[in-house]
Number of protein chains: 2
Amino acid sequence: MLYLIGLGLSEKEISLKAFELLTKIDNIYLDTYTNYFDFDLLWLENSLNKKVSPLSREDIEKNPLFLETAKKEDVALLVSGDPLVATTHTDILLRANKKGIQTKVLHSSSIYSAIAETGLHIYRFGKTASIPYPEENFFPRSFYDVTIENKERNLHTMLLLDVKKEKNLFMNPKEAIDILKRLDENNNIKDIVVISRISHENQRIIYGDMEELAKFEKEFYGPPPHTLVIPAELHFAEEEYLLTLAEIYKNSKNK
Amino acid sequence: MLYLIGLGLSEKEISLKAFELLTKIDNIYLDTYTNYFDFDLLWLENSLNKKVSPLSREDIEKNPLFLETAKKEDVALLVSGDPLVATTHTDILLRANKKGIQTKVLHSSSIYSAIAETGLHIYRFGKTASIPYPEENFFPRSFYDVTIENKERNLHTMLLLDVKKEKNLFMNPKEAIDILKRLDENNNIKDIVVISRISHENQRIIYGDMEELAKFEKEFYGPPPHTLVIPAELHFAEEEYLLTLAEIYKNSKNK
């Protein structure tokens, strides 16, 4: 049997159910490549008195020995956030089922619902998009088109920021805003909400004009993870929430 | 201090972090009205050796004594799913902050990410909508318009089903499909995915033509909770997943 187990957004966000299950499983692996996470699992190894073996991209996609083990024994694959948000993991479930291996997902918290920490109503979000790092011959644009389409329907857009683990690169809000500004020639985007280190002790919600936020250096936002939201027109309750709970950087003429 | 604590989608999906916190808190309340849940909290009361006091809608919105307590002592409000998905809970955070009460959210699993159990890719979902029960002078329609707008952008739509707790009514997929059929005069909707009792031991994923699924009685789907997805055009990987992991009810001429 193969268990895909969500670790959530920060330390000890694994569910009690999953934790109890792990006490009974000997083959515990950690997916180290799909999602960002910044919490170590020493506390977990110590509580369980078991080793958690890291798996690389190759271990998971090219040479999945853990699937062979799962034919005979229980195997747990630990994943940051909620497991199936990464399509790699729906693919693992599919491959396992085709080999006759039973599978089960143990869910945990995810940015897809936790983004409501911004006070923006979750049912007002349109399609989510990701901002990739520009490359030599490619300047990303599709996330911008998604944002504008959502805006036209008066929907918020959650923008996930690129992570290049192998290079230890985590896109910072400063870099994301620079990319946005380059694409937003007609000034369609006025406001931005940044949420930094969601669900961590030092979580910050930052709300302001793109022009104002663009003035800050990388360091202002602190370490990753960060997520951006380009809000639609704010409901009264959403605006009140941001004005009460966020750090505000509004230009006086836009107030 | 006020803690909003997510209970997740099924028993023991509360995070380990939240569970540990509850061992140190004496004022523990349960929001009994906003979301659906079908798991009792006896296990929690027994593990903690503490009482969890249920709060009604009135206790939360009209006469929130728990907020007065939170001015002086730690208070935990338990909520199904991930707390801020219900706008009532962002409103509670706002009201608490205005009273000078510090707040913190402890996240858990939510249908917003767990819906990926259908194999449909989470980044291909558009705006979510809810199907309300029709009333004497009101036949709901806006969720249908959202579905069609999403479809036009080739996006999936998650449809949440109405819950009327005070009347013990939980909309069944049969009722939802009957409402959909009444609105879908031009046969825009072909396929439906139903997920029943997500994250529970007896979870089911049902995939079929709306015409075929409409033939089943309520009982076919079993007890709540249920969620519907109206899929956009399926990616190859999404279709393969559904054909492998779902129960299929396709009319031979649509195969």
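Predicted model, so just to flag it, every value in this text is computed and none were measured. Residue numbering restarts at 1 for every chain, and letters A, B, ... go by the order of the sequence lines.
- The aromatic rings of B:His235 and B:Tyr123 sit tilted, their planes meeting at an angle between 30° and 60°.
- The NE2 atom of B:His107 lies 8.5 Å from the CD1 atom of A:Ile111; values are rounded to the nearest 0.5 Å.
- For A:Leu245, the part lying near chain B is the side chain, with the backbone staying farther off; criterion is any non-hydrogen pair under 4.5 Å.
- In this structure, B:Tyr133 and B:Phe170 approach most closely via the heavy-atom pair OH-C, 3.2 Å.
- When each of B:Ser113, B:Ala237, B:Ala18, B:Gly6 is scored by its heavy-atom pairs under 4.5 Å with chain A, the top score falls to B:Ser113.
- Residues from residues 153-161 of chain B that place a non-hydrogen atom less than 4.5 Å from a non-hydrogen atom of chain A comprise B:Arg153, B:Leu155, given in numerical order.
- Between chain B and the residues A:Ile14, A:Leu16, A:Leu106, the most heavy-atom pairs under 4.5 angstrom are made by A:Leu16.
- Comparing A:Ser110, A:Ser108, A:Ala129 by heavy-atom pairs within less than 4.5 Å of chain B, the highest count is held by A:Ser108.
- Counting heavy-atom pairs under 4.5 Å between each of B:Thr128, B:Asn97, B:Leu93 and chain A puts B:Asn97 at the top.
- Of the two parts of A:Phe125, only the backbone, made up of N, CA, C and O, holds a non-hydrogen atom closer than 4.5 Å to a non-hydrogen atom of chain B.
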Worked check of salt bridge (Lys or Arg N to Asp or Glu O under 4.0 Å) between B:Asp31 and B:Arg57: CA-CA 8 Å; B:Asp31 173 350; B:Arg57 178 168 190 165; over 6 Å; no

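- Between chain B and the options A:Ala116, A:Ser130, A:Gly126, heavy-atom pairs under 4.5 Å are most frequent for A:Ala116.
- Of the atoms belonging to B:Glu117, heavy atoms from both backbone and side chain fall under 4.5 Å from chain A.
- By the 6.0 Å contact criterion, CD on A:Glu247 is enclosed, its count of non-hydrogen atoms from other residues, nucleotides or ligands being greater than 12.
- Of the listed residues (B:Val105, B:Val146, B:Ile198), the one with the most heavy-atom contacts under 4.5 Å to chain A is B:Val105.
- In this structure, the portions of A:Glu240 lying under 4.5 Å from any heavy atom of chain B include both its backbone and its side chain.
- Going from atom CD1 of B:Ile115 over to atom CG of A:Leu84 covers 11.0 Å, rounded to the nearest 0.5 Å.
- Interface residue A:Ser199: backbone and side-chain heavy atoms are both found under 4.5 Å from chain B.
- Using a 4.5 Å cut-off between heavy atoms, A:Asp91 makes no contact with chain B at all.
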Verdict with supporting geometry, A:Glu238 and A:Arg124, salt bridge (Lys or Arg N to Asp or Glu O under 4.0 Å): CA-CA 11 Å; A:Glu238 293 174 321; A:Arg124 296 193 64 215; 2.5 Å; yes

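- Between the NZ atom in B:Lys12 and the CG atom in B:Leu41 there is a gap of 12.0 Å [rounded to 0.5 Å].
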Derivation and outcome, salt bridge (Lys or Arg N to Asp or Glu O under 4.0 Å), residues A:Glu233 and A:Lys151: CA-CA 8 Å; A:Glu233 217 173 295; A:Lys151 243 188 174 330; over 6 Å; no

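- Annotation: salt bridge (charged side-chain N to carboxylate O under 4.0 Å, His left out) contacts of B:Glu239 (sequence neighbours excluded): none.
- Taking both residues in full, the closest heavy atoms of A:Leu22 and A:Leu78 are given as CD1-CD2, 4.0 Å, listed atom of the first, atom of the second, then distance.
- Heavy atoms from other residues, nucleotides or ligands lying under 6.0 Å from CG of A:Asn49 number 12 at most.
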